[in-house]
Structure formats: C-alpha cells, structure tokens
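Beneath this line is the structure, given in structure tokens, with notes to follow.
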Amino acid sequence: MRATGKVILLRLLFLALCISLLPIQAPAADKLEKGQNLTDADGDTLVSAGGSGTFTLGFFSPGASTKRYLGIWFSVSNHTVYWVANRDQPLPDRSGMLVFNDAATLVLLDGSRRTVWSSYFSGGPSAATAQLLESGNLVVRNGSSDAYRWQSFDHPSDTLLPGMKLGKILWAKSELQLTSWRSADDPSPGDYRRTLETKGLPELVLWYRDVKAYRTGPWNGLIFNGVEEASTYADMYPLHVSGLTDRSTEITYGYTAVPGAPLTRVVVNYTGVAERLVWKADTGEWIPYFTRAARDNTCEAYAKCGSFGLCNPEAASSSFCGCVPGFSPDSPSAWRMKQYAGGCRRDAGLECGGGTTTDHFKVVPRVKLPDTQNATVDLDVATLDECSAKCLANCSCLAYAAADIRGGGNRSGCVMWTDAIVDLRLIDSKQDLFLRLSKSEFVADGHGRKSKGFPTALVVAPVASIVTLLLVVFVFWWRWKCRILGAIPQNPSMAVPLLNLATIKHGTGNFSESNIIGQGGFGIVYKGQLPQGKMIAVKRLKQAALTRKGKKDFAREVEVMAGLRHGSLVRLLAYCNEGKERILVYEYMENKSLNVYIFGTPSLRASLNWAKRLEIIHGIAHGVAYLHGGSGKSVIHRDLKPGNILLDDEWNAKVADFGTAKLFAVDQMAPDQTVVVSPGYAAPEYERQGEMTLKCDVYSFGVILLETLSGQRNGSMQRLLLHAWGLWEQSKTVELLDTSIALPLPESEPELLSGLKRCIQIGLLCVQEMPSDRPTMSAIVALLTSTTSQIDRPGRPAMDSTAVHSSHELESGLSSPSTDDLT
Ligand SMILES: *[C@@H]1O[C@H](CO)[C@@H](O)[C@H](O)[C@H]1NC(C)=O
Ligand SMILES: *[C@@H]1O[C@H](CO)[C@@H](O)[C@H](O)[C@H]1NC(C)=O
Ligand SMILES: *[C@@H]1O[C@H](CO)[C@@H](O)[C@H](O)[C@H]1NC(C)=O
Ligand SMILES: *[C@@H]1O[C@H](CO)[C@@H](O)[C@H](O)[C@H]1NC(C)=O
Ligand SMILES: *[C@@H]1O[C@H](CO)[C@@H](O)[C@H](O)[C@H]1NC(C)=O
Ligand SMILES: *[C@@H]1O[C@H](CO)[C@@H](O)[C@H](O)[C@H]1NC(C)=O
Ligand SMILES: *[C@@H]1O[C@H](CO)[C@@H](O)[C@H](O)[C@H]1NC(C)=O
C-alpha cells in the first residue's frame with residue numbers, strides 16, 4: 001500500500017516538474033480567469049467541460065490562409081469552425097492573445113497589444129471569467145455568477161447550434177442572423193445570410209446580399225411549411241419558434257437536441273447553400289439532412305415564376321413554371337422565352353364591393369405557402385371556415401390559408417394575402433392555399449370539384465401554351481411508356497439523404513441473415529437500425545439484379561419516392577449507391593404486409609376486425625389517390641397487391657414498393673422480370689395490350705379491396721370477381737365477407753354493415769371491364785369517406801371467358817397456397 005502511494009506521489013512530482021518545464025502550458029481547461037491569458041504562440045486552447053469536451057476554443061488559420069483567427073470548433077472535427085471572434089480583423093501572425101483587460105472585458109490583442117476584438121458589454125466592469133460551455137456557448141460572467149455578461153450565442157457566425165436562436169430581440173432592437181464566410185479561406189462576412197423574417201408568419205429566408213434567394217415557407221406550429229423533411233428529424237432536434245403570440249420581447253427560431261442525439265449544426269455555406277448536417281461518429285463525417293441552395297434553376301429559387309406563378313418541381317419542360325388556377329402568363333411571349341419573372345395575371349376579374357361578392361375560393365393543394373411578408377395574420381381565428389368568411393368579406397383579400405396546423409383544423413389561425421402571391425410552389429406539405437377567383441372560373445369547371453385531378457394541367461396556362469401542354473403530356477406519356485426516368489441520378493432529390501454503406505452495414509449486422517425480413521427476385525430486405533435508434537427496412541439489390549434495368553428500377557424508385565410524402569405511402573428515408581451497392585432505406589413497418597393477415601391462419605385473420613379492414617382500405621385509397629395526382633405529379637404504381645400494402649405498428653396501411661424488390665413478401669418465388677402487374681391484379685387492357693394507365697391501378701385496388709373483405713385470393717382466373725358479381729346480382733354481397741370474422745350485427749352495428757356493403761359495391765365498380773367505367777381514385781376516396789353519397793350500380797366485372805366455369809371452386813377452398821403474388 002505505502003509503496004504504491006509513494007510511486008504515485010513520485011509520478012505526480014515528476015509530472016508537475018515536466019509541466020513547469022514545458023514551454024507550452026496547455027491548460028485544456030474550460031475557463032479563462034482574469035489575470036490568465038490564452039496565447040496563440042503557446043497553442044493554448046479551452047476545451048468545453050462536462051464529459052466529452054465537445055468544443056475547443058483556440059487560434060486557427062482557415063483553409064490555405066496563414067492569417068490567424070480566434071474561433072471555436074468541434075473537437076472531433078477540428079476544421080469545422082462554427083464561431084469566429086475576429087471575423088474581419090485577422091491577425092497577421094501568431095502573436096495574438098485572449099485576456100481580460102483592465103475594464104474586465106474579454107479582449108483579443110494583437111502583437112502590439114492593440115485590441116482587435118472584444119466581448120464588449122454594457123453594465124459595469126464585473127466580469128472575471130470566460131467559460132466554454134458544453135453547449136458550445138462561450139460565456140463571460142462574474143465569477144460563478146449565473147448571469148452571462150456576454151455570450152457567443154448572441155453573436156452567431158455562419159452556424160446555428162442547438163440552443164442558439166435566430167430572429168429579432170425586440171427589447172434590444174437587435175437581430176440574430178447567420179452570415180456565411182466569404183470563402184473557405186476567409187471567415188469575414190460573405191454574401192449569404194439566413195434570417196428569421198417576422199413580418200407576417202415567421203419564416204427563414206436565405207439572402208444573397210439584399211435579395212431573397214430562398215425561403216423555407218411559414219412556420220405552421222410544427223415545422224416550416226416548405227421543409228417537410230424536418231418532420232423526420234424533429235423528434236431528435238425539436239424545432240421551436242417563440243414569441244409568436246406575444247410579440248413584445250422577441251420572435252426567435254431555434255432548435256434543441258435530445259440527449260444522446262448526434263452532433264448537429266445548421267450552416268450557411270459561402271457557396272450559397274443552407275444546410276443541416278449531422279455528425280456520423282463511426283465514419284467521422286458530416287451527413288447532410290437538409291440542403292437548400294440559392295440557385296435559380298429549381299423551384300427553391302425565390303419567386304422564380306413571378307407573382308401568381310406556381311412552381312411545379314415535376315414540370316421540367318416548362319422550367320417548372322406555370323400559373324395558379326384562373327391566371328395566365330402576363331406576357332406569353334416572354335414565357336415562351338422562359339422569362340417567367342413577369343408572372344401571371346387574372347383571367348376573369350373579381351366581383352366584390354358594396355358588401356357583396358360572387359367570388360369563390362379554389363383550393364391549390366399541397367403547397368409551400370406564398371411569402372407572408374405583407375400578409376395579414378390573425379392567430380385568434382378558430383377555424384378555416386371562419387378564415388374563409390373573413391377573407392371573403394374583405395374585397396382586398398385574394399387568398400387565405402391556415403396559419404397553424406396543430407390540432408388538425410381546430411384553432412387554425414388565419415393568414416390572408418392582399419397583394420401578390422409570390423413564391424408559391426407545389427410540395428408535399430399538409431397545407432393548402434385557398435385562392436379567390438371569379439365565379440366564372442367555377443362554372444367552367446362544371447363539376448364543382450375543388451381541384452383538378454392532374455395538377456400539371458393546372459399549372460400550364462391554357463391559352464398561351466397549348467404547345468407546352470402537349471409537350472408536357474407527351475413527355476409524361478413518353479416517360480411512362482418508356483418506363484425510364486433518365487440515368488441514375490447522383491442525388492435525385494435533396495430531400496432523400498444519401499446514407500453511407502458503413503452505417504447501413506453497421507445497422508443491419510453486416511447484412512446478417514438473421515435480419516432478413518423479406519426477399520424477392522431483385523433484392524433482399526433486412527431489418528435494421530439507425531445510430532439514433534430508429535428502426536428501418538433496408539432493401540438491398542442483389543448483384544445479379546444490377547442489370548441496366550435493375551439500376552433503372554432503383555433510380556426510378558428513388559426518384560419517384562423522393563417527391564412523395566404521404567401518410568399512406570411507405571417513406572423512403574435514405575438511399576445508398578456506393579460502388580456496386582444499390583440500397584433503399586425505408587421506414588420500418590412493424591406489422592408486415594396485408595396478405596399475411598387476410599390470407600393467413602384464422603387467428604391472423606381475426607387480428608384485423610372489420611373496422612380495421614375498412615380503415616386499411618381507406619388508407620390504401622388515400623395513398624393511391626395521392627400517387628395519382630395529389631403530389632403534383634402523376635404516378636402509376638403498376639404493382640398494387642396485398643403483398644405491397646404494409647402495416648405499421650398502429651395497423652395503418654401504407655403503399656410500398658415502387659420498382660424493385662418486394663418488402664415482406666413471405667410467399668414469393670423468383671419473379672418474371674418482364675411482368676409488371678401481378679396476375680389477378682392486372683387490368684384486362686394491360687394483360688391484352690399492355691396499356692398502362694391510372695385506371696389499371698384502380699382495377700388492382702378493386703381486387704385488393706374485395707380480397708381484403710373476403711379473405712379470398714382472386715387469382716389469375718378472376719375467381720373472386722366472378723363470385724362477388726354472382727352474389728351482387730342476388731343482393732347477397734354480405735356472404736362475400738370473410739367468415740372467420742364475426743359479421744357485424746345489423747342491430748348493434750348497422751353503420752359497419754352498410755359500410756362494408758358500400759365498400760363491396762365500390763370494389764366492383766373498380767374492376768369494370770372498360771377503364772372509363774372505373775371511378776378515379778379521388779372519386780373512390782370521396783365515395784369511401786361519405787356514408788350517404790350515391791354509388792353507381794356496377795356492371796359485370798372484367799372477366800376472362802375461360803374463368804367463368806371455375807366459379808364453384810370458391811365454395812370450398814379459400815386460400816390455396818397460390819403463386820398469385822408472383823411478380
Ligand atoms: C500569460 O500567462 C503566462 C502564464 O500564466 C505568463 O507566464 C505570461 O507572462 C502571460 N503573458 C502575458 C503576455 O501576459
Ligand atoms: C486536427 O485533428 C487532426 C486529427 O485528429 C490532427 O492531426 C491535427 O493536428 C489537428 N489540427 C489542429 C489544428 O488541431
Ligand atoms: C462581481 O464581482 C465583484 C467582485 O468580484 C463583486 O463585488 C460584485 O458584487 C459581483 N457582481 C455580481 C453581479 O455578481
Ligand atoms: C461549403 O461547401 C463546400 C462545398 O460543398 C464544402 O467543401 C465546405 O466544407 C462547406 N463549408 C461549410 C462551412 O460548411
Ligand atoms: C411587400 O410590400 C412591399 C412594399 O410594397 C413590396 O416591395 C414587396 O415586394 C412586397 N412583398 C411581397 C412578397 O409581396
Ligand atoms: C381588408 O384587409 C386589409 C388588409 O388586411 C385591411 O387593411 C382593411 O382594413 C380590411 N378592410 C376591411 C373592410 O376590413
Ligand atoms: C377539435 O374540436 C372538436 C370540437 O370542438 C373536438 O371534438 C376535437 O376533439 C378537437 N380536435 C382536436 C385535435 O383538438
């Protein structure tokens with residue numbers, strides 16, 4: 001014992017001796033007290049305390065520059081400097097020193113002891129300590145007093161860390177904003193800034209000098225309306241805007257990080273990119289989670305299509321520009337020259353005055369709302385109807401929208417535009433814009449429908465650009481006909497992040513066999529986990545499938561999925577195409593696919609009661625309707641079947657599989673790569689002539705609907721359709737319902753029973769021989785949602801004549817282990 005004690009003592013002495021002899025006094029402390037100094041020549045640094053020493057303050061030279069700056073960087077990534085003190089006062093050499101001056105202000109002195117930077121604060125000389133906190137905040141205070149006299153978080157450079165704020169501090173009449181560096185070698189303020197604009201609804205704006213280059217869309221209570229992907233990381237990095245209702249002290253935006261979340265930063269790059277990056281500790285790199293560039297070749301470019309323009313990211317042939325409904329290009333000739341800045345003008349004048357109006361509102365669905373700078377915001381308006389009435393009553397109100405989407409329509413608030421509609425774009429947001437139009441616009445529409453099915457048509461100005469319209473239609477037709485979406489994009493959408501192979505390997509136990517949850521001809525699906533703990537489904541293309549077609553399918557799936565966000569579609573979280581690997585990362589679906597239950601054992605069948613089955617059918621209908629037009633593009637799924645309907649932990653149905661391997665396909669064998677639609681689900685016109693339209697999906701949906709309610713497979717002989725039709729003719733459709741689940745009693749659950757009957761009738765309408773006899777998906781959604789609306793009487797469904805004789809087979813065997821799910 002004593003011997004060890006002596007040894008330790010000796011070592012300590014020796015250490016102390018060494019330290020006193022060393023010229024470099026490396027404090028590695030987190031504090032600098034009055035009387036102490038931090039000198040560049042000695043390589044002094046402060047390292048934040050509190051466990052991991054995440055941040056380091058010290059002197060550095062950026063890039064190729066030899067000038068010296070005082071800055072703070074991430075200890076794990078010492079070139080990632082997020083704060084610079086003397087941004088535009090560089091030191092020429094290593095003679096700088098950080099110290100408290102006689103006035104108790106923290107100052108940076110140059111070689112001749114002149115002050116080049118100071119943490120000036122008003123309020124008396126009582127500071128004595130500077131400390132680098134584990135949050136990354138450098139604070140100056142009086143001893144251990146809690147009050148900060150000065151903090152670096154009040155003086156952001158180009159980076160926003162968790163706990164920092166952007167916005168207006170009203171009592172101090174100051175503004176917190178990010179300013180880019182001038183270049184990689186020069187941290188002095190550059191041309192790009194990011195601010196929180198607080199007139200109207202708060203929103204983040206990226207500025208190039210004094211011109212708006214990009215805006216996020218207004219804060220809607222949860223996220224910024226044009227940054228849908230924020231909802232994917234908002235649980236890890238919760239966002240908040242404060243001071244919205246009480247605008248007396250400050251209106252600021254900030255975010256925090258939940259404990260254990262990876263390091264993150266939001267930076268305005270000197271290249272004009274605003275991005276959120278997340279640190280991948282295992283690979284030692286920053287991964288972009290959110291990226292928006294101030295470039296003028298995308299819909300992100302501010303006001304790209306002029307006032308009353310509508311930017312559609314899918315309409316590349318018209319440089320994305322169109323007009324909102326009821327408007328046409330102000331100068332058709334300029335538009336033909338792709339000069340869109342002149343915007344659009346109203347086709348038919350409004351009729352409003354003297355307390356009356358004949359105008360109506362048209363919904364422009366799923367948009368990034370226009371600039372709210374000059375809009376009127378009333379957060380006390382309780383409902384959207386009230387907002388509508390308010391707008392209608394004021395002749396200068398041209399459009400309105402909900403200001404707050406929390407509470408699903410309750411307490412929605414109201415934002416109303418009275419001058420131009422600027423920077424409106426289609427995006428898969430949850431928000432709609434209601435646009436005031438002359439009543440004549442509605443007569444022309446004829447159906448009294450709120451929106452047209454195919455928004456691409458809606459954004460193309462009717463008179464001026466018939467050529468463009470034909471071109472767009474042709475391009476769409478050509479794209480689908482050829483089933484190509486171009487070469488594999490390097491990064492088809494900023495919204496879908498690239499994930500590196502190492503992370504995926506780590507998350508799936510190096511593609512461990514025990515993690516396999518599905519398998520198909522093109523690939524294998526693994527269960528996995530992201531470093532943050534989120535469960536994922538990882539679809540890995542087989543090397544054998546990496547033919548040109550396989551790569552195209554992969555590219556198609558990424559590209560199609562990138563633009564699609566809907567609660568009833570499985571979400572693509574990330575993808576990877578490193579080397580020969582092609583991997584898609586999806587949200588994990590706890591309850592596998594629909595076929596497992598509806599064709600499963602009696603106990604599996606029983607886990608989906610009638611109410612759940614109806615909900616699932618509604619979910620599928622919503623998802624497919626969204627695919628067919630709700631996103632601003634028109635996507636044909638082409639392979640709808642129960643194996644491609646996945647169920648999450650709350651049994652919500654989500655449509656999956658947009659091109660390659662099958663998720664959770666438990667009963668699959670090697671697929672025939674040339675057949676797209678699975679037999680039994682393929683519409684007759686597709687089977688005969690290979691004609692693929694949206695109505696083919698409607699047909700497949702009808703089959704899925706009937707299978708879900710009957711628990712029987714249709715099969716390539718169309719047995720189920722025949723059976724259902726027979727029962728319909730005898731008014732006995734109730735007998736179609738799966739007998740392994742108790743029938744709802746007419747006395748106690750009359751609505752459920754009539755809902756099921758309605759549903760079967762809708763299903764039969766979907767499987768009509770003539771595509772034109774089948775309703776559109778949006779009409780189906782409307783029919784399913786209503787309990788009273790009239791449903792057309794179906795005719796005899798499409799049937800192969802050879803199938804007619806086999807209708808009796810149904811009576812006996814329900815779920816034969818068939819090969820129907822082959823693709
Ligand atoms: C800085 O501090 C060190 C040790 O505390 C001291 O030796 C040195 O003289 C100081 N330098 C100046 C310029 O005050
Ligand atoms: C930055 O970190 C790397 C690797 O840890 C190290 O080699 C390098 O010397 C560090 N640079 C500075 C300026 O601290
Ligand atoms: C600051 O420190 C000085 C002396 O150390 C002390 O007299 C004064 O009361 C302190 N002020 C505050 C606000 O803590
Ligand atoms: C800015 O972008 C360039 C190019 O993508 C990159 O090399 C650089 O590290 C970025 N700078 C910051 C501060 O993120
Ligand atoms: C708001 O009004 C100002 C002043 O009239 C005008 O310069 C600006 O372009 C308007 N902004 C928008 C988005 O309409
Ligand atoms: C109509 O709205 C404008 C802009 O919000 C406002 O200035 C005006 O007072 C309103 N008019 C009436 C009659 O409420
Ligand atoms: C919305 O309001 C209705 C009626 O006041 C209420 O029943 C419903 O629960 C509310 N919904 C939410 C999400 O607050």
Side-chain angles (χ1 to χ4, degrees), residues 60 62-64 69 71-74 77-84 87 156-161 178-192 194 197 199-201 203 205-206 210-212 214-215 217-218 263-279 285-295 302-309 341 343 350 352-357 368-378 381 387 389-400 414-424 436 490-491 494 498:
F60 73 100
Y69 295 86
I72 310 176
W73 56 84
F74 287 80
S77 167
N78 58 21
H79 53 269
T80 310
V81 178
Y82 74 85
W83 184 78
V84 184
R87 291 187 76 169
S157 293
D158 65 345
T159 304
L160 194 73
L161 294 182
L178 302 181
T179 316
S180 73
W181 288 22
R182 184 146 294 283
S183 73
D185 307 328
D186 182 1
S188 67
D191 287 332
Y192 297 97
R194 193 177 215 225
E197 291 305 299
K199 286 180 72 192
L201 285 170
E203 59 180 317
V205 170
L206 178 65
D210 287 327
V211 181
K212 285 184 185 178
Y214 161 76
R215 46 183 278 282
L263 295 174
T264 186
R265 63 190 168 112
V266 172
V267 59
V268 178
N269 199 310
Y270 52 86
T271 61
V273 175
E275 54 188 348
R276 173 185 289 277
L277 300 134
V278 173
W279 179 251
E285 59 185 335
W286 293 99
I287 307 287
Y289 266 40
F290 158 91
T291 308
R292 290 293 192 287
R295 315 261 183 269
Y302 180 77
K304 178 177 174 58
C305 305
S307 54
F308 296 100
L350 298 176
C352 184
T356 60
T357 181
K368 176 166 100 176
L369 293 174
D371 196 326
T372 64
Q373 185 190 358
N374 300 333
T376 307
V377 175
D378 186 345
V381 171
C387 183
K390 238 181 127 128
C391 183
L392 203 61
N394 186 335
C395 292
S396 45
C397 179
L398 302 182
Y400 72 91
C414 187
V415 50
M416 290 172 287
W417 286 264
T418 52
D419 58 3
I421 297 294
V422 175
D423 199 36
L424 181 69
R436 186 184 204 125
Q490 277 324 104
N491 189 355
M494 294 303 195
L498 271 166

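Positions are given from 1 along the sequence. Everything quoted here is computed from the prediction, not taken from an experiment. Order of appearance sets the numbers: ligands from 1, and atoms from 1 within every ligand.
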I'd like to check which ligand 6 atoms, numbered from 1 as shown, lie under 4.0 Å from a non-hydrogen atom of Thr418.
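In order of number, 4 (C).
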Number the atoms of ligand 6 from 1 as they appear, then name those within less than 4.0 Å of a heavy atom of Ser396, with their elements.
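So the answer, numbered in order with elements, is 1 (C), 2 (O), 3 (C).
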Quick check on contacts: which atoms of ligand 5 are under 4.0 angstrom from a heavy atom of Asp371?
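By the 4.0 Å cutoff, the relevant atoms are 13 (C).
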Need the ligand 5 atom indices (1-based, order shown) with element for anything under 4.0 Å from a heavy-atom of Tyr302.
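Once the distances to Tyr302 are compared, the set is 13 (C).
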How far is [atom] from the closest protein heavy atom, and which atom is that?
atom	result
atom 8 (C) of ligand 5	Asn374 ND2, 3.7 Å
atom 10 (C) of ligand 6	Asn394 ND2, 2.4 Å
atom 11 (N) of ligand 4	Asn269 ND2, 3.0 Å
atom 7 (O) of ligand 4	Tyr270 OH, 4.2 Å

Is there a donor-acceptor pair under 3.5 Å between the side chain of [X] and the backbone N or O of [Y]?
X	Y	result
Arg182	Pro189	yes
Arg215	Val205	no
Arg292	Leu206	no

Counting only non-hydrogen atoms of the protein, does one fall under 4.0 Å from [atom]?
atom	answer
atom 13 (C) of ligand 6	no
atom 2 (O) of ligand 5	yes
atom 5 (O) of ligand 6	yes

Any side-chain heavy-atom pair from Lys390 and Cys397 closer than 4.5 angstrom?
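In short, these two side chains do not touch, never coming nearer than 4.5 Å.
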Validation row: Val422, Gln373 side chains within 4.5 angstrom (heavy atoms)
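No, every pair of side-chain atoms sits at 4.5 Å or beyond.
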Output, in order, the C-alpha distance, side-chain angles, deciding distance and verdict of side-chain hydrogen bond (donor to acceptor under 3.5 Å, both in side chains) for Tyr302 and Asp371.
CA-CA 9 Å; Tyr302 180 77; Asp371 196 326; 2.5 Å; yes
Please check if any side-chain donor atom of Asn269 sits under 3.5 Å from a side-chain acceptor atom of Thr271, or the reverse.
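A pair is found: one side chain offers a donor N or O, the other an acceptor, under 3.5 Å apart.
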Within reach of ligand 5, part of Asp423 (heavy-atom separation under 4.0 Å)
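The answer is neither; Asp423 stays 4.0 Å or more away.
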Quick one: which of Trp73, Phe74, Trp279 gives a side-chain contact (heavy atoms from CB on, under 4.5 Å) with Thr80?
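It is Phe74, the one option of Trp73, Phe74, Trp279 that forms the side-chain contact (heavy atoms from CB on, under 4.5 Å) with Thr80.
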